[in-house]
Amino acid sequence: MHDYLKELNDNQREAASHMEGPLMIVAGAGSGKTKVLTTRIAHLLKQGVDAFNILALTFTNKAAAEMKERIEKILGNSEARNLYIGTFHSVFARILRAEAHKIGYPNSFTIYDSDDAKSLLKTIIKDNNLDDKLYKPQYIYGRISAAKNNLMGPIEYLQDKSIAQEDARSGRPLTGQLYAQYAARCFKNGAMDFDDLLFKMYELLVKHPDVLAKYQHKFRFVLIDEYQDTNIAQYQIIKMLAAVHENICVVGDDAQSIYSFRGATIENILKFQKDYEGAKVIKLEQNYRSTQNILNVANKVIGLNKNQIQKNLWTQNDTGEKLKLVRTLTDNDEGRFVADAIMEQKLRYHYNNKDFAILYRTNAQSRSFEESLRRLNIPYRIFGGLSFYQRKEIKDFIAYLRVIANPQDEEALKRIINYPVRGIGKTSIERIIIIANETDKTFWEVLQTPHLAGLKGAAAAAIDNFVLMMKSFQALMKTKDAYEVAFEVGKHTNLVKELYNDKSVEGLARYENVQELLNAIKEYTETPDEEGELTDKSLGTYLQNITLLTDADKDGDENQDVVKLMTIHAAKGLEFPCVFAVGLEENIFPSAMSLYDRDDLEEERRLFYVVITRAKHKLWISFANSRYRFGSLVQNEPSRFVDEVPPEYMDKSFAGLAGARTGAIARNTSAQQQQRSFTPKEKTEKVYVRPGSKAEETTTAREAAIQKVKAQVNTHIPSANFTASDPEDMEAGMKVEHQKFGIGTIMKMDGGAHNRIATIQFPNGGGEKKIMLAYAKLMIIK
DNA sequence: TAAACTGAGGTTTTT
DNA sequence: CCTCAGTTTA
């Protein structure tokens, strides 16, 4: 093995070879931060530190996986698998799982994602007869989340005068009550939300000194990545864990702090030296990533912020090209420009698709780029947005698994108790809820004895059957792994069958997704675990893992040759040869929410700094005069950040006034005509990959096919001479036209004289449909 | 009971 | 513009 320390510059080497004592590394963008961190861990291992005694916390699973991989590469062995390395949330979830009973939770507690949390809040708000227009679940969730991130439980929240005032002033004086009920309900359900993973971890360590001592001694060395993005809860936990050995190493860059909306506070990095007296501070200021032009712009921009640690980021790289400023008329033109530019760059400079990233402020901006890339057959992939696990059919299936692992989970239970329909109706469920509340039992407990809830006959029998089935799954879980349980669930609940029988386009996609889920579970159970402890493949562990997975973490196949689309937040820590920073307009970037507060605005500027420093060679900055928002055209001024780029580093030849013959604008009309006549190409092998669909070719091709069909559904235009025919005349075998579904063939007829139902196969309109002839208008085609 | 219709509301950013 | 929840509808 070569000498890994030789590859570092002086400062990097000093940081990487530091052994005992607190250390803060202030690492500018592109200064080799990850390299230092991984080298340091490798070095510690080389020096004889046991991997089991090292804790490394990151913000994304991806970052954790990458670090692990790089450490293994340096070491040339697989010792890295024993490191405790992962996101704050996943590492704490693991510890909480092991210690759950100490704080009254089942060890297979459920993790609620924000959708789960919000829907629970919604029911609580309704239970309290409050107006959910005022008490918006989203808003309440935000308040609760902020409280937890500041380590404030319901009791403290209710006692806090200034918070009470705030809530009163906003017209929501009962927020604290809702928080208390929400917390109680989560506890009863055996569930923790994302913030609880931090909050409960803190509680665990505070209330159980023995547990604290155990982990303090276990983790002799603690390393924290992206320290500028830690919040109060994370800060306190780290502080406690590192208190004995004080071998704490934090890496961060105040200029890249962009998560204050999640409770992150830049204070943590600023006060590190006060927290740990005699802490060593090393600055990494040489940038290895970007050209001089890009870096100059970045430095100038960030220099406009008031709050910051002084740094002087420099590089030995080439001067490089100037930034290109692009102005277009509309958001669609912006999309077209970018796709064209990518095409041109590929042809002229032999770039690959994967060398390009399109980075935007909000997820909703992706649409125009998707369309334009698709039109040019440029493969792309969107990171973020709706994840696979947020799809309805997946949530349904997972709800079964959740109930099996944790029958206390009332939310999941309510979701599946009558899906697929099994004759447990609304009234029965309401009864059970009332009894559960009265007797202070869980929903599941009441289900055991339906007759005590006043249910009898068919309803009680249906419940008995359901309970029996779920119990058999639970028994299965004791001996079988996650996949085997899931397989049985799919088989016995008719879930899969139901979707299989649904031959509509959407049904087909849903069926595919569930198959995909089963495959994923199988893959999970078959992959050898990397963690040191808790290496079980049980359902409980599986469920906790997937809830913490983000879309960006999946398919970490870096080498997929696709253009990448994501938010700037999601791009942090990544780099790309060519970057398009798009949508540089007031109200978008900076966001409309941040225009009236200095700190918020500075955070937006840091975000601008982040996007600039993602680029290695080339950077485009674009904005549109007007764009569609909620269906109507809105005009935005160019972003103030555009003016902050020094003109000498910027090429404005694409930013001519409207009407100038810049590429994008001149092409405007003809491109629109193309759009109208555009039909998807037949051979869509590996063209574009939508998020969550899993990047498999088959799925992709299928999605393309589905979209094609969908397009036809939406575009079917009724014949000019369309007149509804008399249902009496219709019989099986006839061809008929439907105004929306197009032409189809009647497969069979059912129903009585006045209630005739035709089963019709629409080849282009979404497969088989049952249509009641008394209501639908159909025309017989001769 | 399920499909079809209606209106409202939604866009920061993420574990 | 699009999605979702809630309501209508025969």
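Per chain, numbering begins at 1; letters A, B, ... match sequence-line order. Note that the structure is a prediction, hence the values are computed from the model and not measured.
Residue A/Tyr259 is in sugar-phosphate contact alone, with no base atom involved, counting any heavy-atom pair closer than 4.0 Å across all strands shown. Within 4.0 Å of A/Lys133, counting heavy atoms only, lie sugar-phosphate atoms of the nucleic acid but no base atom. Residue A/Phe88 is classed as having no contact, given no heavy-atom separation below 4.0 Å to the nucleic acid. Using a 4.0 Å heavy-atom distance criterion, A/Phe630 is classed as a base contact.
Picking from B/dG10, B/dT12, B/dT15 the nucleotide with the shortest atom distance to the side chain of A/Lys136 gives B/dG10. The nucleotide whose nearest atom lies closest to any side-chain atom of A/Ser591 is, among B/dA2, B/dT15, B/dT12, B/dT12. When distances are taken from the side chain of A/Phe194 to each of B/dT15, B/dT14, B/dA2, the shortest belongs to B/dT15. The side chain of A/Thr567 has B/dT14 as its nearest neighbour among B/dG10, B/dT14, B/dT12.
Residues A/Asp195 and A/Ser145 bring a donor and an acceptor atom of their side chains to less than 3.5 Å of each other. In the model, A/Tyr609 has no side-chain atom that pairs as donor or acceptor with a side-chain atom of A/Asn305 under 3.5 Å.
Of the residues listed (A/Asp396, A/Asp113, A/Asp409), the one engaging A/Arg402 in a salt bridge (charged side-chain N to carboxylate O under 4.0 Å, His left out) is A/Asp409, and it is the only one.
Residue A/Asn363 places at least one side-chain N or O closer than 4.0 Å to OP1 or OP2 of B/dT14.
For the salt bridge (charged side-chain N to carboxylate O under 4.0 Å, His left out) test, residues two or more places apart in sequence or in another chain that qualify with A/Asp253 are A/Lys311. Every side chain to side chain contact (heavy atoms under 4.5 Å, CB included) that A/Lys414 has, sequence neighbours left out, goes to A/Arg185, A/Glu410, A/Glu411, A/Ile433, A/Phe443. Under the rule for a ring-ring contact (aromatic ring centres under 6.0 Å, His included), the partners of A/Phe261 that lie at least two apart in sequence or sit in another chain are A/Tyr259, A/His569. Partners of A/Ser257 by side chain to side chain contact (heavy atoms under 4.5 Å, CB included), not counting sequence neighbours, listed by chain and number: A/Gln228, A/Asp229, A/Ile266, A/Arg606.
Per the stacking criterion (ring centres < 5.5 Å, plane angle < 30°), A/Phe261 stacks onto the base of B/dT13.
A distance-only check finds no donor-acceptor pair linking the side chain of A/Asn636 to the backbone of A/Glu585 [under 3.5 Å].
In this structure, A/Arg367 fails the cation-pi test against A/Phe369, since its NZ or CZ atom is not both closer than 6.0 Å to the six-membered ring centre and inside 45 degrees of the ring normal.
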remark   = With both pairing distances under 3.5 angstrom for Watson-Crick or G-U wobble, and | for a partner in another strand, the correct string for DNA chain B is ||||||||||.....

Kindly give the atom pairs (protein nitrogen or oxygen, nucleotide nitrogen or oxygen) under 3.5 Å for nucleotides 3-6 of chain C.
unit_1: C/dG6; atom_1: OP1; unit_2: A/Lys126; atom_2: NZ; d: 3.3

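Sequence order on DNA chain B of the closest nucleotides to A/His89 and A/Met593 puts A/Met593 first from the 5' end.
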